[in-house]
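Lettering follows sequence order; numbering is per chain, from 1.
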Amino acid sequence: MNTIRNESRRDFLKASGGLLLAISLPEALAQSGKAVFQPNAFIRIGTDNTVTVIVKHLEMGQGTYTGLPTLVAEELDADWSQMRAVGAPADAKQYNNLFWGPAQGTGGSTALANSYEQLRKAGAAARAMLVAAAAEKWKVPAAEIRVAKGVVSHPSGKKASFGELAADAVKQKVPEDVPLKDPKTFVYIGKPARRLDARAKSNGTAQFTQDVKLPGMLTAVVIHPPRFGATLKSFDAAKAKAVKGVVDVVAFTTPVSNGVAVLARDYWTAKKGRDALSAEWDEANAFRMSSADILAEYKKLAATPGTPARKEGDTEKALAGAATTLEAAYEFPFLAHAAMEPMNCVVKLDAGGCEIWNGEQFQTVDQMAVAQVLGLKPEQVKLNQLYAGGSFGRRANPKSDFLVEAAAIAKASGGKAPVKLIWGREDDMRAGWYRPMYYHTLKAGLDASGNLVAWQHTIVGQSILTGTAFESMMVKDGVDATSVEGAANLPYAIPNLAVSLHSPKIGVPVQWWRSVGSTHTAFATECFLDEIARETKKDPFELRRALLAKHPRHKGVLELAAEKAGWGKPLPAGRARGIAVHESFNTFVAQVVEISKSKIERVVCAVDCGVAVNPNIVAMQMESGIGFGLSAALSGAITLKDGVVEQSNFHDYPVLRMNEMPRIETWIVSSKEKPSGVGEPATPVIAPALANAILALQGKPMRALPLSTQGFAFA
Amino acid sequence: MISLNLNGKSVQVDAEADTPLLWVLRDHLNMTGTKFGCGMALCGACTVHVDGQPTRSCVTPASAAAGKKIVTVESIGNTPVGKAVQAAWAVESVPQCGYCQSGQVMAATALLSANKNPSDADIDSAMSGNICRCATYPRIRAAIKRAAKGLQA
């Protein structure tokens with residue numbers, strides 16, 4: 001994988017004549033014609049005094065186009081108003097995710113965390129070259145030169161902007177190992193800079209995949225089989241072709257999908273053609289189970305021994321000797337990502353290979369998958385980065401499903417025109433790749449004093465990673481790390497603890513979904529702990545606190561959330577609080593939810609993500625994660641009936657709206673630890689915190705999601 | 001041929017009469033600021049103004065909008081209210097993924113054009129038809145209030 005090179009890469013050494021670093025330029029930048037100073041793969045300083053950061057991670061809402069430029073601006077001592085961001089091309093040699101080895105991609109809340117030193121160093125190197133250029137020009141010692149807010153100056157009164165020095169800076173030697181700033185002197189890190197992409201995303205100019213238009217381009221609208229595993233038997237294109245404007249009707253097959261595509265110059269015509277099309281399917285190998293059948297199978301499996309994922313002490317013995325035992329089971333449905341921008345992709349085939357326009361989250365995997373479908377080499381697949389209208393994991397498909405579908409359609413139609421594949425909302429919601437269904441059973445043993453002495457946790461659900469590029473790394477001894485994360489690393493001090501896993505294989509394609517395993521493990525563990533607290537008449541906050549003595553960061557957020565929420569203070573009649581704490585992706589989050597019968601009155605969220613590079617974005621991601629988690633908690637469910645997905649659009653897959661969004665207060669733990677991600681970790685905490693508030697208010701435990709299936713709804 | 005009054009200009013479009021306004025804007029006129037999200041008037045990403053009213057362009061046949069004044073996100077910034085809304089959106093850093101925000105801006109501008117000082121309940125009522133999967137709702141609320149204040153000053 002580390003041999004991937006982008007065909008279109010240009011060697012900056014040749015282009016600039018001076019720099020020692022060989023770097024690739026995105027095509028558009030290379031062609032801009034302006035003299036630019038590009039000290040490394042991440043920064044370009046123009047003679048117009050702009051500083052453009054080439055961001056290696058997809059901007060899908062989480063703030064990479066602001067967070068990564070902040071790191072550069074800090075060490076460069078730039079002015080925030082001169083900062084710009086563009087997406088990097090596919091080039092894993094230069095733009096790999098440092099936490100993923102040689103692969104380029106975005107996920108696991110790693111974008112800022114893996115870039116923290118890399119982009120600061122890039123900024124520091126650029127600053128040193130600007131200073132060297134000024135020193136040479138002004139004939140003064142470099143040590144006497146200062147840089148602040150984008151102005152390079154000398155005590156003699158000499159001054160220059162970055163833009164004015166760019167041409168000379170190109171000629172300077174690229175420094176090695178420039179020292180980074182002492183965090184005490186940070187100007188931007190830790191401060192709430194405004195988002196760089198806010199304006200373009202408020203006036204309609206931000207470009208998403210959906211907005212790409214190429215000369216001669218055709219739009220493809222597809223029909224997929226009604227069930228997973230079914231294949232196309234035959235189709236009658238006559239009625240589709242009779243629709244005025246339909247250009248072509250083609251069957252397509254990829255390693256993970258098949259169907260028929262109708263192509264036209266515009267979406268509406270193609271959709272009318274698709275709606276007129278009749279297709280017959282071979283359903284011999286189709287998946288025909290219903291959600292209820294799957295759950296029944298999972299319940300049977302849960303009663304049998306699973307593969308151990310963690311073992312401390314002797315849980316069987318401790319349970320046998322316990323004064324009291326408690327049991328509970330928790331159910332979780334399939335969930336769709338339902339990003340606002342339905343999946344789409346633009347593909348152009350040409351003599352040299354293929355060019356793709358996409359909100360790219362998984363460059364290395366996508367290049368390989370598309371290359372395989374088209375019979376190309378990965379480096380012949382050029383990827384153009386665009387904004388993504390949300391993802392929540394979906395655009396990083398392990399099999400590149402919608403990309404290879406677009407590529408297969410372009411190929412099937414003879415490569416005569418660039419193809420934009422547009423899925424309607426219904427296509428998107430029914431295509432699979434869901435957060436898997438899960439079933440959890442938990443059993444606790446308490447001694448005569450009510451102390452928690454045993455914890456037995458069994459998880460049943462499909463493995464996400466088996467069969468993906470991550471399998472060899474993250475599926476060990478039959479345990480998919482993402483199936484048990486948040487459960488196998490339960491932080492509570494319990495002497496006898498056993499976690500085991502069943503990973504049944506069923507024919508529904510599944511995928512990571514914002515916070516992955518924690519989406520279900522946090523709910524099962526945190527709700528069960530509250531059931532134990534209730535049984536033993538202990539305060540849920542105090543019980544957690546006592547069990548977290550050896551986990552200061554968990555304890556820190558727990559105490560902060562409790563303090564700010566006024567935990568323990570009397571509430572008006574008809575109100576109750578719930579609390580939950582969970583770590584995911586090395587970020588620690590605790591939330592206190594206060595509810596009445598009619599609504600969520602307040603959510604207090606405490607987060608420890610190490611250094612909060614932009615506290616404003618951290619707060620936004622807490623709000624976003626909570627809102628996303630609430631959609632799933634209250635009403636999110638994809639269900640199957642005889643193998644057919646029952647939901648199709650936002651009327652039967654309702655998501656959180658403005659009037660349902662609670663008031664959220666976010667508190668950030670002051671920390672000197674390296675930054676960790678914030679895109680996902682707020683999501684898994686809200687459902688258990690809410691369920692625990694409902695338990696406190698109504699005395700009834702919530703043991704299945706969504707809560708709407710438990711007879712719970714706000715009045 | 002459909003004749004439209006779009007952003008103050010008269011345009012002619014060669015599209016079938018049943019083509020939704022959304023696709024006329026996006027595919028025939030290459031004005032891609034208005035977004036496709038659901039196709040069923042469930043999410044609000046496609047919101048434009050038709051004679052000043054927030055309208056879901058994904059279910060509005062272009063022919064039905066003929067002769068009416070259509071305003072899209074591309075020109076809403078030319079109005080004092082639209083300008084104030086877009087400025088407030090930037091100050092509050094409202095957008096995350098940004099895909100729904102054209103529709104949010106259009107809905108908020110329609111609200112503030114009709115109601116200079118909306119309450120929280122007014123905001124809920126005017127904005128709950130516009131889904132944001134990033135849940136930028138608290139920031140949208142703050143930005144609407146900021147814009148309202150700016151317009152009153």
Is a salt bridge present between B/Asp124 and A/Arg657, judged by a nitrogen-to-oxygen distance below 4.0 Å?
-> no

State which residue, out of A/Met60, A/Arg195, A/Glu623, A/Glu59, fulfils the side-chain contact (heavy atoms from CB on, under 4.5 Å) condition with B/Gln96.
-> A/Arg195

Step by step, work out the salt bridge (Lys or Arg N to Asp or Glu O under 4.0 Å) result for B/Lys35 and A/Asp211.
-> CA-CA 9 Å; B/Lys35 296 294 189 264; A/Asp211 304 329; 3.1 Å; yes

Interchain contact, A/Ala619 with chain B, by part (heavy-atom threshold 4.5 Å) = both

Sequence neighbours excluded, which residues qualify as side chain to side chain donor-acceptor pair (under 3.5 Å) partners of A/Arg395?
-> A/Asn344, A/Asn358

Against chain A, label B/Val91 side chain, backbone, both or neither, depending on which of its atoms sit under 4.5 Å from a heavy atom there.
-> both

What part of A/Gln207 lies closer than 4.5 angstrom to a heavy atom of chain B: side chain, backbone, both or neither?
-> side chain

Side chain proximity check, A/Gln210 to B/Phe36, heavy atoms < 4.5 angstrom | yes

Hey, which of A/Gly204, A/Ala206, A/Ser624 has the most heavy atom pairs under 4.5 Å with chain B?
-> A/Ser624

Check each atom of A/Thr66 against the heavy atoms of chain B and say whether the ones under 4.5 Å are side chain, backbone, both or neither.
-> neither

Winner by heavy-atom pair count (cut-off under 4.5 Å) against chain B, out of A/His651, A/Arg663, A/Arg265 | A/His651

Parallel, tilted or perpendicular, as decided by the 30° and 60° cut-offs, for the rings of A/Phe208 and B/Tyr99 = perpendicular

Would the number of heavy atoms belonging to other residues, nucleotides or ligands and lying under 6.0 Å from CH2 of A/Trp423 be above 12?
-> yes

Any side-chain heavy-atom pair of A/Met658 and B/Arg141 under 4.5 Å = yes

Short side-chain to backbone donor-acceptor contact, B/Arg133 and A/His337, under 3.5 Å | yes

Under a 4.5 Å heavy-atom cut-off, does chain B meet the side chain of A/Ile422, its backbone, both or neither?
-> side chain

Interface moiety of A/Glu660 toward chain B, non-hydrogen atoms closer than 4.5 Å = neither

Spell out, as yes or no, whether a donor-acceptor pair under 3.5 Å connects the side chain of B/Gln101 to the backbone of A/Ser202.
-> no

Please state whether the side chain, the backbone, both or neither of B/Asp120 comes within less than 4.5 Å of a heavy atom of chain A.
-> neither

Crowded around B/Lys149 NZ? As in, over 12 foreign heavy atoms under 6.0 Å?
-> no

Looking at B/Cys132, B/Gly33, B/Gly37, which one has more heavy-atom pairs under 4.5 Å with chain A than the rest?
-> B/Gly37

So do B/Tyr137 and A/Pro662 actually touch side chain to side chain, heavy atoms under 4.5 Å?
-> no

So do the side chains of B/Asp18 and A/Lys272 get within less than 4.5 Å of each other, counting heavy atoms only?
-> yes

Considering only heavy atoms and a distance below 4.5 Å, find which of B/Cys43, B/Gly39, B/Cys134 pairs most often with chain A.
-> B/Cys134

State whether the number of non-hydrogen atoms from other residues, nucleotides or ligands found under 6.0 Å of A/Lys191 atom NZ is greater than 12.
-> yes

When only pairs under 4.5 Å are counted, which of A/Gly627, A/Ser631, A/Gly389 shares the most heavy-atom pairs with chain B?
-> A/Gly389

Checking heavy atoms, do the side chain of A/Ala338, its backbone, both or neither come under 4.5 Å from chain B?
-> both

B/Ser93 (side chain) donor-acceptor with A/Arg194 (main chain) under 3.5 angstrom = no

Under 3.5 Å: donor-acceptor pair, side chain of A/Asp266, backbone of B/His28 = no

Under 4.5 Å from any heavy atom of chain B - which part of A/Asp428 = neither

Supply the atom-to-atom distance B/Asp27 CG to A/Met217 CE, rounded to the nearest 0.5 angstrom.
-> 7.0 Å

Do B/Thr136 and A/Met620 come close enough that some side-chain heavy atom pair is under 4.5 Å?
-> no

Which atoms of B/Trp23 approach chain A - backbone, side chain, both or neither, heavy atom under 4.5 Å = side chain

For the atom pair SG (B/Cys38) and CE (A/Met340), what is the distance rounded to the nearest 0.5 Å?
-> 7.5 Å

In terms of heavy-atom pairs under 4.5 Å with chain B, the winner among A/Met661, A/Lys271, A/Arg199, A/Lys244 is A/Met661

With respect to chain B, which residue among A/Arg425, A/Glu426, A/Arg514 yields the maximal number of heavy-atom pairs within a distance under 4.5 Å?
-> A/Arg425

Based on non-hydrogen pairs under 4.5 Å, which of B/Val105, B/Val94, B/Ile131 is most in contact with chain A?
-> B/Ile131

Given that the side chain runs from C-beta out, which part of A/Tyr65 has a heavy atom under 4.5 Å from chain B: side chain, backbone, both or neither?
-> neither

Segment of B/Glu16 engaging chain A (4.5 angstrom heavy-atom cut-off) | side chain

Selection from B/Gly98, B/Ala87, B/Ser102, B/Gly129 maximising heavy-atom pairs under 4.5 Å formed with chain A = B/Gly98

For A/Lys201 against B/Pro95, the heavy-atom pair lying closest together = CB-CB, 3.7 Å

So which of B/Glu74, B/Met40, B/Met31 has the biggest tally of heavy-atom pairs under 4.5 Å with chain A?
-> B/Met40

If you tally heavy-atom pairs under 4.5 Å against chain A, which of B/Gly77, B/Ser125, B/Ala121, B/Pro20 wins?
-> B/Pro20

Once you round to the nearest 0.5 Å, how far does CG of A/Asn203 lie from OG of B/Ser75?
-> 11.5 Å

